[in-house]
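Contents: one structure, followed by commentary.
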There are 2 protein chains.
Amino acid sequence: MNRVRIVVVDDHALFRRGLISLLEEMPEFHVVGEAANGQEALTVIERIRPDVVLLDINMPILDGIQTLAALRKKDASQKVLMLTISQNDDDLIGAIVAGANGYVLKNTEPDTLKNTILQVHAGNSVLSPEVTARVLQAVRRSQTDRNRGLLSEREIEVLKCLARGQTTAQIASVLFISENTVKTHIRHILEKMEVNNRAEAVAKAAQMDLL
Amino acid sequence: MNRVRIVVVDDHALFRRGLISLLEEMPEFHVVGEAANGQEALTVIERIRPDVVLLDINMPILDGIQTLAALRKKDASQKVLMLTISQNDDDLIGAIVAGANGYVLKNTEPDTLKNTILQVHAGNSVLSPEVTARVLQAVRRSQTDRNRGLLSEREIEVLKCLARGQTTAQIASVLFISENTVKTHIRHILEKMEVNNRAEAVAKAAQMDLL
DNA sequence: AAAGCGGGTGATTTCTTCATCACCCTTACA
DNA sequence: TGTAAGGGTGATGAAGAAATCACCCGCTTT
């Protein structure tokens, strides 16, 4: 049975070599190349064309994300698994935008790393559990911001009043504006949320975390 | 050792009962309640307070996402694992925004479901492999849209010209505007991207998938 | 010295969005 | 019949963003 051909990219020689030893001990894998920075990685990957690339993020000259972005310009199908210590959102989102097939932390157990590499090789996208949690948080935040950006501040105020069951007249009184102004805001809310009436708007707003 | 206390919420009686049988056969779990719709689920969950809730999405009266949104208003810490057939992005993003701790497809093997429930119970966020891929795609798309929204259409045009190595004069000629206008666009690009010169801007744009 | 190039400051006009309001129609209820 | 409420069309003014342009300076190359 064919071994999965791997290239390891990491600027720390000890870590890289240690990881290579570990992987070579596993009958499923064959390490066919290595690189200490992004520039070198691009050359090695283009020449060897491995099944999977293990790619660190924090590296000199060209970091892992820039490396991946450059790689994707040439090869959209190369499987790349980020293997990094970084849990900060910018790195995580940057790697995803650049097209990473997986994102795994260096605290991962060898056995878990083995399964992860096999999963990526099989075509799946894989994240470390802590990373999954961060990604879900990032999606939640991003989508909530996007939802919130759909409406103006005033429209959100009006929507909250609607959610409390207030009538047009009551809302006008609370916000010190005319009923006609309230109606205009409501019209824009219905248009932007693509609903037909205020009940639907309130239900959708609850779902969009706008209240 | 304590068994994980589970509530199963699904409108299809046969599926729900079958799943309950399956889970009861596993020594790690104890099914302490069940519900056939979201309304009922809210009542059952509040009364029983299980360790983990398995929650379908497509249900009558109150779907799984609305149920979860309502539940989160009362209990931010309840572990909820979506168990659904749906792979569409709106459901997926909706569940995440509503605060799901995990999202698993109904084609999951029983053993994998077991591990997933244990992971969620342990505090981790878990996704099915196919779902992970979709989430990564959604993040990529969302972030690219957000990046794109940072600059106006014209600024993006100018940035693309810069990426081709064109000078201010060349860009002016290509876009039929004056060199001074090109410079103003570039100034705004540098400001918005928080970089110091056009080389940095191009590098960052590549990373942000703006080219 | 002149030309080419990038980076900087400032100004004007146009367009879009936001917030405001008036008026009309329909339905339901007292 | 009158009142209450929601939904619809249209208008105006202010603020901010977008797109445009002029002019100046420093550095490098010819």
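Letters go in sequence order (proteins before strands), and every chain restarts at 1.
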Do [X] side-chain atoms and [Y] backbone N/O form a donor-acceptor pair below 3.5 Å?
X         : Y         : answer
Glu200(B) : Asn196(B) : yes
Ser125(A) : Gly102(A) : no
Arg5(B)   : Val32(B)  : no
Arg134(A) : Gln87(A)  : yes
Thr167(B) : Gln170(B) : yes

Handout entry: Stepwise salt bridge (charged side-chain N to carboxylate O under 4.0 Å, His left out) check, Arg17(A) with Glu34(A)
Key = CA-CA 9 Å; Arg17(A) 284 340 220 73; Glu34(A) 66 181 279; 3.2 Å; yes
Practice task
Identify the 5'-most and 3'-most nucleotides of DNA chain C with at least one atom closer than 4.0 Å to a non-hydrogen atom of chain A.
Solution key: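 With heavy atoms of chain A under 4.0 Å away, the range is dC18(C) to dC23(C).
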Practice task
Compute the bend angle of the helix from dA1(C)-dT30(D) to dA30(C)-dT1(D) from the end axes (five pairs per end), rounded to 10°.
Solution key: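 Computed angle between terminal axes is 10°.
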Practice task
Run through Val135(A), Thr116(A), Asp91(A) and flag the one making a side chain to side chain contact (heavy atoms under 4.5 Å, CB included) with Tyr103(A).
Solution key: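 The option that passes is Asp91(A).
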Handout entry: Result of checking Asp56(B), Asn37(B), Leu55(B) against Asp10(B) for side chain to side chain contact (heavy atoms under 4.5 Å, CB included)
Key =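 Of all the options given, the one that passes is Asp56(B).
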Handout entry: Those residues that, when tested against Glu155(A), pass side-chain hydrogen bond (donor to acceptor under 3.5 Å, both in side chains) (two or more places apart)
Key =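 For Glu155(A) the side-chain hydrogen bond (donor to acceptor under 3.5 Å, both in side chains) partners, ignoring immediate neighbours, are Ser152(A), Lys192(A).
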Exercise for the section: Take Arg198(B) and Thr168(B) through the side-chain hydrogen bond (donor to acceptor under 3.5 Å, both in side chains) test and state the conclusion after the steps. Expected result: CA-CA 11 Å; Arg198(B) 44 189 88 182; Thr168(B) 301; 3.3 Å; yes
Among [range], which residues get a heavy atom nearer than 4.0 Å to DNA chain C?
range                       : answer
residues 196-211 of chain B : Asn197(B), Arg198(B)
residues 163-188 of chain B : Thr167(B), Thr168(B), Lys183(B), Thr184(B), Arg187(B)
residues 144-159 of chain A : Ser152(A), Arg154(A)

Problem - Steps toward salt bridge (charged side-chain N to carboxylate O under 4.0 Å, His left out) verdict (Asp209(B), Arg140(B)) - result: CA-CA 9 Å; Asp209(B) 206 23; Arg140(B) 193 170 299 137; over 6 Å; no
Practice task
Kindly say if Lys192(B) contacts the phosphate of dA18(D), meaning a side-chain N or O under 4.0 Å from OP1 or OP2.
Solution key: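 Looking at the OP1 and OP2 atoms of dA18(D), one of them is under 4.0 Å from a side-chain N or O of Lys192(B).
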Problem - Test log, rule side chain to side chain contact (heavy atoms under 4.5 Å, CB included), inputs Ile177(B) and His185(B) - result: CA-CA 11 Å; Ile177(B) 54 181; His185(B) 286 313; 4.1 Å; yes
Problem - Trace of the side chain to side chain contact (heavy atoms under 4.5 Å, CB included) decision for Val7(A) with Leu54(A) - result: CA-CA 6 Å; Val7(A) 158; Leu54(A) 299 189; over 6 Å; no
Exercise for the section: Dump the intermediate steps for salt bridge (charged side-chain N to carboxylate O under 4.0 Å, His left out) on Arg154(B) and Glu157(B), then the final yes or no. Expected result: CA-CA 5 Å; Arg154(B) 203 54 154 166; Glu157(B) 278 192 281; 3.0 Å; yes
Handout entry: Intermediate values then yes/no, side chain to side chain contact (heavy atoms under 4.5 Å, CB included), Glu40(A) and Val9(A)
Key = CA-CA 9 Å; Glu40(A) 198 183 330; Val9(A) 184; over 6 Å; no
